[in-house]
Q: 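I have a structure I would like to understand better, so I am pasting it below and will then ask my questions one at a time.
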Amino acid sequence: MKRIADSFPNIPEKIAELADLAYNLWWSWHPSARMLFKFLNRIAWKESGHNPVQMLRELSRGTLNVASEQAEYLRHYDVVLARFHEEIQTKVCWFAANVADPSCLPVAYFSAEYGLHHSLPFYAGGLGFLAGDYVKECSDLGIPMVAVGFMYPEGYLLQKIRVDGWQDDIDEVLDRDAAPIRRVMTEKDEQLIVKVPFVDPPVYVAVWKVDVGRIPLYLMDTDIDMNDPWNRKISAHLYIGDIEQRLRQEMVLGIGGIAMLNALGIKHSVLHLNEGHPAFALLERIRERVAEGMKFQAAVEQVRATTVFTSHTPVPAGHDVFPFHFMDKYFSHCYPFLGLSRDNFLQLGIHPVDPSAGFNMTSLALGLSGYKNGVSRKHGEVTRRMWQPLWPDRKEEEVPIGHITNGIHVPTWIEPKMELLFNKYLGQNWLEDHDNPVIWKLIDDIPNAVLWPVHYWLKIKLINFIREQARIRWNNNKVNPVNVITGGVLLDPLALTIGFARRFASYKRAGLIFKNIERLAKILNNRWEPVQIIFAGKAHPSDDEGKRILQRIFSLAQDPSFGGRIAFVENYNEQLAQYMVHGVDLWLNNPIPPLEACGTSGMKASLNGVPQLSILDGWWLEGFNGKNGWAYEGKGDDRDAEPLYDILEREIVPLYYVLDEDGVPNGWTEVMKEAIKGTGAFFSSRRMAKAYALDYYQHAFRSV
Ligand SMILES: *Cc1c(COP(=O)(O)O)cnc(C)c1O
């Protein structure tokens, strides 16, 4: 058996288990484990982009030897590794105590994206972070799970903004050997390769693995020699635009995913589909059962009783629909095998309101899953209304789709300095018990004069980070000086700072605040009470409208009449998200309702004492309580800009700038505390994962 440490020839024996830690993302949500890497060499840590695998590869034997001879380092090492082994192996966990023996069957969680850490470019946005946070939480709670997804070698699209503000998308290919992922090896010491059923000529996937605490995430990679060039590109990047290739991508995710689990010896499980992309997994599960001799209808019942489907998309246009001729091309050989006519098969993916539109992945998933939900209370209602035609004899409120509101993984998104502060006032064990609402009442005990300087320090940290990025770009890429300014070098730590960072999808309306330029200029340029806005986010490469919105914001940021109070920071990713949700003063969110199914970035900000100003949509309908931020009803058109200015001018700016003699804005700090109190328990992925386990998994387990 090869040891993991063997892949790092420079590691001395005494600290060899750093290698195990490097390949388990557990380190990323435990600050003491992060420090273990950082202590080795701060500069190498930073330059690796906080990727311990890359760092351990590059550090010299000398540097590693020095650490392995330091008594203090070794003590820290022993403590962290003991905790790591304990948490990974223990049988004592919430799931065991409350649901079932974790050695019962696993949940197979399928998602097209995972946002786990910026060293793994396997995400586009909120859906991915939801999945990543959820898997981490399931590990913490001991929910038995295997996760399935793609290894996107070209998942990183570097965003470069030209001087005219247009977004250029630059492919950056992942260095697989430097990423914290490992090949899954066979007994013959070769990488496991699995053939995807159905597709002809055949497609093969190479299997990779990332450990996320206790949970293995298996990733499929089609970029291997055995595949022809078209097939190699199937897993190149997320959400391929070409419809046939997209169909093939989803076939590999769903059907290949099931085949991969079989090859790994995982034959029985509860299936949880995160969004419709992997829904072909249902067909494969039915096909397997029919192959074993079950009748089609019995197979459907069995698959249904063991499947959870979570929908995230509140508009009909957001669901994947494939033309019937492509369905015929790839699936016609299995119609008779399943004992179905062509019509009966295609019926599985019909939306009754528009039956000729094509094969709808959400229809498929809703029809074949026994447990179905939306991702916030409002989104549950919207989903029931949208899909009521699938249950023509039921009233809207009787449609069997529930909701479980999304949450964030608190250990991932709490800033370490805030965590230390909470340790002091909420008790050392608050993190263990963070979904208990009672402990959050203790936030009131934090004196304003203690909370405020921590926040201010985080704001400085954000601004320093932004300046450093701008300096690097100026230095390395020789960008135009105007772009250096636009990148945020003129940001002022004393000014009220608004953050707007998310994908540049049109419905999120990054440009809404620019509706009335004069009014905005007056707010930003107020001499005594200045306001500044930091934008970040990528437009999808094929989304020209999103790129135009971005371009407009960028050109306004270049406009001297705003005096550098608008910044656009390139290349939004997990790392920049962390700095922003920790360090701005106010989080802004103004989607077209009800298109924000839930939203999570506002939760990340609120948890760290950054209240949000948001249109009432998604989670904010449940989260806003009148004290923990600001809210207004959106109409969905340009008129939504007016209340935004009103609230800023009348409430937010004045409150922020009332300081006591020590410079503490007490009124503001009270809102910060309410934001924290209103988020930590309910909007955690812990509350969410417990709900999935209790409401769905434990029932579904009985039918496997
Ligand atoms: C949390 C997060 C998102 C989701 O943001 P929303 O505003 O909820 O859509 C997207 N991208 C990154 C990097 C995130 O961390």
Side-chain angles (χ1 to χ4, degrees), residues 28-29 49-50 111-137 155-159 238-239 274-275 312-314 318 375-376 378-379 405-415 462 465 498-510 512 534-540 546 569-584 586-608 610 612-615 617-623 629 679 683-685 688:
S28 71
W29 71 94
H50 301 167
S111 177
E113 48 173 309
Y114 290 90
L116 292 156
H117 185 255
H118 54 269
S119 59
L120 294 173
F122 306 152
Y123 60 85
L127 182 73
F129 282 93
L130 192 266
D133 278 14
Y134 185 63
V135 173
K136 291 173 186 172
E137 188 62 55
Y156 262 135
L157 268 183
L158 270 188
Q159 177 190 50
L238 294 92
Y239 308 125
N274 188 42
E275 191 54 312
H312 294 257
T313 311
V375 291
S376 67
K378 173 80 180 174
H379 180 241
T405 302
N406 285 341
I408 54 168
H409 186 242
V410 170
T412 294
W413 294 102
I414 186 81
E415 202 285 331
L462 163 69
F465 176 77
I498 302 175
F500 187 103
R502 43 183 62 85
R503 282 183 304 116
F504 265 55
S506 317
Y507 79 86
K508 292 184 180 266
R509 296 196 288 185
L512 183 69
I534 305 174
F535 288 92
K538 295 176 184 167
H540 188 277
V569 187
E570 284 177 19
N571 247 329
Y572 189 51
N573 66 8
E574 187 261 352
Q575 188 179 29
L576 179 56
Q578 291 277 6
Y579 280 100
M580 284 191 66
V581 297
H582 300 153
V584 299
L586 179 75
W587 198 251
L588 177 64
N589 187 35
N590 47 36
I592 298 175
L595 300 194
E596 185 94 303
C598 179
T600 51
S601 60
M603 301 175 188
K604 300 168 189 169
S606 294
L607 173 71
N608 288 283
V610 175
Q612 68 162 356
L613 161 57
S614 171
I615 278 188
D617 196 15
W619 78 281
W620 201 224
L621 284 159
E622 294 160 71
T679 312
F683 296 103
S684 65
S685 54
M688 166 193 166

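When a ligand or atom number is given, it counts from 1 through the structure's own listing order.
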Q: Can you classify the ring geometry of Y579 versus F465 as parallel (below 30°), tilted (30 to 60°) or perpendicular (above 60°)?
A: parallel
Q: Where does A577 meet ligand 1, judged by heavy-atom distances below 4.0 Å: at the side chain, the backbone, both, or neither?
A: side chain
Q: Just need the protein heavy atom nearest to atom 4 (C) of ligand 1, so name the residue and atom and give the distance.
A: G126 CA, 3.4 Å
Q: Looking at E415 and V581, would you say the former's side chain and the latter's main chain have a donor-acceptor pair under 3.5 Å?
A: no
Q: What is the nearest protein non-hydrogen atom to atom 8 (O) of ligand 1, stated with its residue, atom name and distance?
A: T600 N, 2.7 Å
Q: Return the residue, atom name and 0.1 Å-rounded distance of the protein heavy atom closest to atom 15 (O) of ligand 1.
A: K604 NZ, 2.6 Å
Q: Could you verify whether a donor N or O on one side chain and an acceptor N or O on the other, from S601 and W587, lie under 3.5 Å apart?
A: yes
Q: Nearest to atom 9 (O) of ligand 1 by heavy atom, R502, K508, E596, R503: which?
A: K508
Q: For the pair Y123 (side chain) and E574 (backbone), establish whether a donor and an acceptor sit closer than 3.5 Å, ignoring hydrogens and angles.
A: yes
Q: What protein heavy atom sits nearest atom 13 (C) of ligand 1, and how far away is it?
A: F129 CE1, 3.3 Å
Q: For atom 11 (N) of ligand 1, what is the closest protein heavy atom, and at what distance to 0.1 Å?
A: Y572 CE2, 3.6 Å
Q: Without swapping roles, check the side chain of K378 against the backbone of W620 for a donor-acceptor pair under 3.5 Å.
A: no
Q: Can you list the ligand 1 atoms lying under 4.0 Å from a non-hydrogen atom of G599?
A: 8 (O)
Q: Examine ligand 1 and decide if any of its atoms is less than 4.0 Å from a heavy atom belonging to W413.
A: yes
Q: Which atom names give the shortest non-hydrogen contact between G407 and M688, and what distance separates them?
A: N-SD, 3.4 Å
Q: Check whether any side-chain heavy atom of I414 sits under 4.5 Å from a side-chain heavy atom of N608, and report yes or no.
A: yes
Q: Quick one: look up the protein heavy atom nearest atom 6 (P) of ligand 1 and list residue, atom name and how far away it is.
A: S601 OG, 3.5 Å
